[in-house]
Amino acid sequence: MRYPYNPENFTSFHSSETVYDKAFLTRLYREMLRIRRIEEEIASRYHEDEMKSPIHLVIGQESTAVGVCAALEKTDLAFCGHRTHGVYLAKGGDLKAMMSELYCRANGCAGSRGGSMHLFDKSVGMESSSAIVAGSIPTSVGAAFASQRRKDKFICVSFLGDAATEEGAFWEALNFAALHKLPIVFICENNFFSVCSPLEVRQPKVAIYKKAESFGVPSVQIDGTKVLEVYAAARQAVERARSGAGPSFIESVAYRYLGHGGATDDSASGYRDPAEVEHWREHDPISTFHDFLVSKSQLTATEIEQMEKEIRSEVLSAFEHAISSPEPGEEELMTHVYSD
Amino acid sequence: MRYPYNPENFTSFHSSETVYDKAFLTRLYREMLRIRRIEEEIASRYHEDEMKSPIHLVIGQESTAVGVCAALEKTDLAFCGHRTHGVYLAKGGDLKAMMSELYCRANGCAGSRGGSMHLFDKSVGMESSSAIVAGSIPTSVGAAFASQRRKDKFICVSFLGDAATEEGAFWEALNFAALHKLPIVFICENNFFSVCSPLEVRQPKVAIYKKAESFGVPSVQIDGTKVLEVYAAARQAVERARSGAGPSFIESVAYRYLGHGGATDDSASGYRDPAEVEHWREHDPISTFHDFLVSKSQLTATEIEQMEKEIRSEVLSAFEHAISSPEPGEEELMTHVYSD
Amino acid sequence: MPWAEALIASKAEEVEVGQEGRILSYVDALREALSLALDLDPNVFVLGQGVNDPRGMFGVTTGLHEEFGVERVFDTPLSEEGLTGICAGAALVGMRPVYLHNRPDFLLLAFNQIVSHASKFSWMDNGKGRVPLVIWSAIGRGWGSGAQHSQAIQGLLMGVPGLKIIMPSTPYDAKGLMLAAIADNNPTLIFEHRWSMRSKGHVPEGTYKVPIGKGVYRKRGTDLTVVGTSHALEVALEAMDELSPQGISADVIDLRTIKPLDEEIIFESLKKTGKILVVDTGWQMAGVCAEIGCLVAEKAFHDLKGPVRRIGLPDSHTPAGFSLEQYYYPNKEKMMGVIKEMVEK
Amino acid sequence: MPWAEALIASKAEEVEVGQEGRILSYVDALREALSLALDLDPNVFVLGQGVNDPRGMFGVTTGLHEEFGVERVFDTPLSEEGLTGICAGAALVGMRPVYLHNRPDFLLLAFNQIVSHASKFSWMDNGKGRVPLVIWSAIGRGWGSGAQHSQAIQGLLMGVPGLKIIMPSTPYDAKGLMLAAIADNNPTLIFEHRWSMRSKGHVPEGTYKVPIGKGVYRKRGTDLTVVGTSHALEVALEAMDELSPQGISADVIDLRTIKPLDEEIIFESLKKTGKILVVDTGWQMAGVCAEIGCLVAEKAFHDLKGPVRRIGLPDSHTPAGFSLEQYYYPNKEKMMGVIKEMVEK
Ligand SMILES: Cc1ncc(C[n+]2csc(CCOP(=O)(O)OP(=O)(O)O)c2C)c(N)n1
Ligand SMILES: Cc1ncc(C[n+]2csc(CCOP(=O)(O)OP(=O)(O)O)c2C)c(N)n1
Ligand SMILES: [Mg+2]
Ligand SMILES: [Mg+2]
């Protein structure tokens, strides 16, 4: 096992004294569960070959998107890479429009032009994503710059993977954000892999957040499997951004259970130890939080059952919506090449 | 004055106990003086409009190239950016071929194709340069990679300016060098300016070498006006590279007296305080070393006079050579577009 | 939108190719455009390595940071890829960045952001996003610019959907097209030419737009059609000046923008002359010359009375050295030679 | 040089378009080429994000790192610009890197190193430096590749001096051209097409080269000349198969390399047929189609009996969605329609 769960390196933000109200805690739990169930449903139907789109599921990493977005206003803007589903849903993106996009329908959130790697919903601040690794990082910094110069109220959050920090553009964007003290939070979801390539063949053994820190950006590494840790760290960073104190960098460590793309676990192929996946499943963001909430009597079996039911019905009707929606026509091809 | 000479931040490498023999010390002095005199001659004739090439003089920064190259073997490879003259000469590049290149002659080191920003002399390991800022950094890392994989004996030195560290490619190359422990030394000549843009409008207030260090590369900031400091720091780094221990990063701080390009000081135009130039002239690499050597009785007035004479005659004959050399003909245009 | 309104209100928009108004230098015309835009619309900002230099960038930005503040006219780190993306991001949320570069060569660092991002947002967003971004750079030539500081890369970008590409050659057009570019809601590249920037000409005061995608006749004639932009067209005009006493006349068309391309004006002229010479400042192969040459062979074939000819750069690199450079760039004499050949056949 | 000698010694170099030998899959043919090159020359190394993945990159590199060691076949950080320069630097001192990418889209990040560095070293060094570098990538299509994972950018690079550009379509060529590219002393780009990679064909064992810069006839006929490469040419071949019962026949030329371009074979065929259709997998505008179309209008004008036609991609982006994508790519039917029009006129 190359990358065991290693809490020693994490900075802790959430103290057990902090008291959140039940509604908030339930909301976090529900959002993670909802993302998990949606991803599972996508995975279970992917073999039907009707979602003709490359998918990058977020199972195992739900806590980062949910914890971060819980610290945001609806007007704040989120940006991400190819692994879009979690951020899109946590930011409040329309599920039906997402499913339509995956099913290549005209009413998809990108009108079937973007596919799974280009989900967005500008009405809730899910502003943009890019299928080019690190491609949306400069975009996010530019939006933060606009906010600062125009004295807009929104801040930006840039979600990126560990491999995105190998692209020079990330360091260029980080430098600019630090130089101008822009209202932005970088969330680096470190899951140790870039497709099948482990961190060790891509970066020397130095922590990613330490590098960001050296650029003058307050940076931490946190336990990305714990939604309250993520939330607390994000709150601090969001506060910093909103107050004009500049950017922050959060390295959130969590693990993806399934393959880089597609719907199955490909660990057996040899690039990682299947035991590593099992190991991380023991630190599953949802069951960990479940146990925590139950131990604190904040969640009951009945409530969970009810939740599952509601989510199930929402998911089914979103799939139904997508499947029964029309495909775009040829006339779509040449529209919006230019904006008016 | 924005950027005063500030020795407090420098790591010192050269202890006053270190004893170098006179021949070596004289050589260092002579090389710096030679570069200065060549640059001055170029500057004094530039208005004649016969050197039809953009020049970036190195006056005030001679100590870095000389100190570093003194720590190298002839077979080691040097790479640099647009500010080529110092490195080319310190690495042993042919002066006549350089002057011919500046005068656009067929026997220029690049056959008049490269101009002042593309000086090289492969016979002495002045391997390549690029007019694109940071462009030659990946090249240098690639050569270091080749040396490592083929078990060649040479190491590489990559000269770059402070602004080159704003280009993403630098961080990509540094990451790769650190990952593979390549035999390379990065020499960042920090002169505080990128053309007329001061560091403060380009980078947040963090030391460049600290950033390089966070990538896992041993890094220091040194007094780039002191040739023995440069030499001692470079020796250590070269030793590290040659022994297989990987890359190093040296931030060598010195100041350019003249404008970014061309032959005159443009400080009066307003982008920097002319007093800043005067201030740094008090820490001139050549006169500082001169005083040091004289105080240690390692250099006499007669020796210096003799040196000046020899240099003067070498310089004059190099200019003569260039001016009397033929220009390339039209048939040159289409050769070497492809290599056989 | 203060900006759009001001432009629409402007009568000057209707003015065609300036024959009146003050004589202004090319550089001053450009600076005036920037200044007007900054004044009109608080969303406009101007950035680039050196825009705040004492002399500004080639004089084009001189003093603007003093007039409008360094918040709106500012120097940047040397990070072309990152900054291009930052501009696209700012544009995506409604600002109107004008990003200036000394040289188009530096844009090669930013192709990922230009080609795979800025040009695609509007389309990929199904029309919900738009990118009012101007990227300006000046093609270098002479004085040792050499292979890495002289590349006229418009041909590399002409095929990329979603971009607009402008190549002015007069002060009037430089100002009017800069204003049009800033007012446009799409990523627009302006390739100036350092040698065109030495000229002076009539430039109206105030705001006016030269339409993007419309060429103009610089000369009228009957023997052939010469079409192109920027400094290459200027050389062609000089060649025609010399040839005119010999009784040779041509329609000389300055396209001004190469994307969108004004096909109509080319076809119109070709119908009359039957012969076409395409000139460009970039590599001849697979670029602007090739596109226009192929276009007429495809859509105006039956008007062609002889082979299409093109004059761009040969399949080699720009020499830094002065004498070699003379051989590299096609000059007036070369153009005259080709034109004579075309007319005589 | 063990490598050069082995290649010259190889009799297979003389073999023309394979009609004999084992049947091999396209992917296996490519892997065999890499394996042979790694075996022949210790200076060859293979790198790229994912070349060591369990399934290799599209199967092309599967197992190579086990056979030749991770010192010579290795995974990289995601740093396309940096790595391209690193490869060029290693090549400059005598190694022969083969840098593989999933998609040409990612090369847009490296244009500065490709266009302003690798392509220029030999020339700027006055012949003293050379860059034997191979950059390989596979053009994506289908299954939601979309605008950012499907760009066939050969047209953007065709005009750049100093580069060689290869676009194979058969397993035989894929292997022979990969070997030729590795043996070549210039920066050479290979654009594979994901759909061509599904085919099988005759592939000789051992080392052989397919010459860079030489096209071949895939069909002979009289009504027109169809010219192109890669998957676009395959579609054209299918179209001709269908049209042949209707009595329409064409010279179908697979150029195999687009730079250097085999002008001779195009002119030779055109002299006979008088009509030409150019097809390409990239944008139609200002790219490969445009170059070839302009070239014939310039140098073979008097052989042309009708308008040049081209079929590439429209001036829009690749849709990710399945149904939209069907409209985007020109298919057999569209090609048949154009060919019929050309023949009937
Ligand atoms: C510039 C670029 N290079 C390569 C790819 C192919 N690719 C897609 S996702 C991916 C892995 C990215 O890893 P990471 O950033 O850690 O995100 P994760 O997939 O682990 O969430 C790669 C290499 C790409 N999309 N863009
Ligand atoms: C990619 C790129 N952008 C811009 C330029 C224009 N330029 C030439 S030298 C220079 C300044 C570089 O500063 P630095 O790296 O600190 O080196 P210095 O000139 O101070 O030695 C700039 C901006 C360039 N050559 N390349
Ligand atoms: Mg990852
Ligand atoms: Mg500097």
Side-chain angles (χ1 to χ4, degrees), chain C residues 80-81 105-117 119-120 123-124 146-148 151 153 155-162 258-259 261 278 282-302 304 306-310 312-317 320, chain D residues 80-81 105-117 119-120 123-124 146-148 151 153 155-162 258-259 261 278 282-302 304 306-310 312-317 320:
Chain C
E80 289 82 356
E81 160 84 351
D105 307 73
F106 309 154
L107 299 184
L108 290 162
L109 282 152
F111 262 45
N112 175 54
Q113 283 298 329
I114 296 172
V115 177
S116 290
H117 292 85
S119 76
K120 293 184 171 32
W123 195 89
M124 288 179 73
Q148 297 175 317
Q151 294 171 90
I153 58 169
L156 278 69
L157 290 162
M158 189 182 191
V160 178
I258 58 166
K259 191 181 181 93
L261 183 65
V278 194
W283 292 305
Q284 180 163 300
M285 193 182 290
V288 180
C289 289
E291 173 56 33
I292 297 173
C294 181
L295 180 74
V296 298
E298 185 180 41
K299 296 203 190 158
F301 179 75
H302 298 292
L304 279 175
V308 166
R309 296 295 297 266
R310 52 178 159 171
L313 300 180
D315 194 25
S316 185
H317 307 280
Chain D
E80 289 83 357
E81 161 84 350
D105 307 72
F106 309 153
L107 299 183
L108 290 163
L109 282 152
F111 262 45
N112 174 54
Q113 283 297 330
I114 296 172
V115 177
S116 290
H117 292 87
S119 76
K120 293 185 170 35
W123 194 89
M124 289 180 72
Q148 296 175 317
Q151 294 171 90
I153 58 168
L156 278 69
L157 291 163
M158 189 182 190
V160 178
I258 59 166
K259 191 182 180 93
L261 183 64
V278 194
W283 291 304
Q284 180 163 301
M285 192 182 291
V288 179
C289 289
E291 174 56 34
I292 297 172
C294 181
L295 180 75
V296 297
E298 186 181 41
K299 296 202 188 157
F301 179 75
H302 297 292
L304 279 176
V308 165
R309 295 294 298 268
R310 52 178 159 171
L313 300 180
D315 194 24
S316 186
H317 307 280

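Residue numbering restarts at 1 for every chain, and letters A, B, ... go by the order of the sequence lines. Bear in mind the structure is a predicted one, so any value in this text is a computation, not a measurement.
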Is it the case that the side chains of D/Gln148 and D/Asp105 hold a donor-acceptor pair, with the cut-off being a distance below 3.5 Å and no angle test?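 No.
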Can you label the angle between the C/His317 ring and the C/Trp283 ring as parallel, tilted or perpendicular, going by 30° and 60°?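 Correct class here is perpendicular.
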Could you tell me which portion of [X] (side chain, backbone, both or neither) has an atom closer than 4.5 angstrom to a non-hydrogen atom of chain C?
| X | value |
| --- | --- |
| D/Ile292 | neither |
| D/Leu304 | both |
| D/Lys299 | neither |
| D/Met124 | side chain |
| D/Glu298 | both |
| D/Val160 | both |

Count the heavy-atom pairs under 4.5 Å between each of [options] and chain C, then report the option with the highest count.
| options | value |
| --- | --- |
| D/Gly282, D/Gly312, D/Gly146, D/Ser119 | D/Ser119 |
| D/Pro161, D/Ala300, D/Pro314 | D/Pro161 |
| D/Ala110, D/Gly306, D/Gly287 | D/Gly306 |
| D/Gln151, D/Glu80, D/Met158 | D/Gln151 |
| D/Gly162, D/Ala297, D/Gly155, D/Gly293 | D/Ala297 |

[X] versus [Y], closest heavy-atom pair with distance:
| X | Y | answer |
| --- | --- | --- |
| C/Cys294 | D/Cys289 | SG-O, 3.9 Å |
| C/Glu291 | D/Ala286 | OE1-N, 2.6 Å |
| C/Lys259 | D/Asp315 | NZ-OD1, 2.9 Å |
| D/Asn112 | D/Glu81 | ND2-OE2, 2.9 Å |

Spacing of CZ belonging to D/Arg310 relative to CG belonging to C/Leu295, to within rounding of 0.5 Å: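 Rounded to the nearest 0.5 Å, the CZ-CG separation comes out at 6.0 Å.
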Determine the option with the most heavy-atom pairs under 4.5 angstrom with chain D, choosing from C/Leu156, C/Val288, C/Val278.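 Ranked by contacts with chain D, first place is C/Leu156.
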With a 4.5 Å limit on heavy-atom distance, are the side chains of C/Leu107 and D/Phe111 in contact?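 Side-chain contact under 4.5 Å: no.
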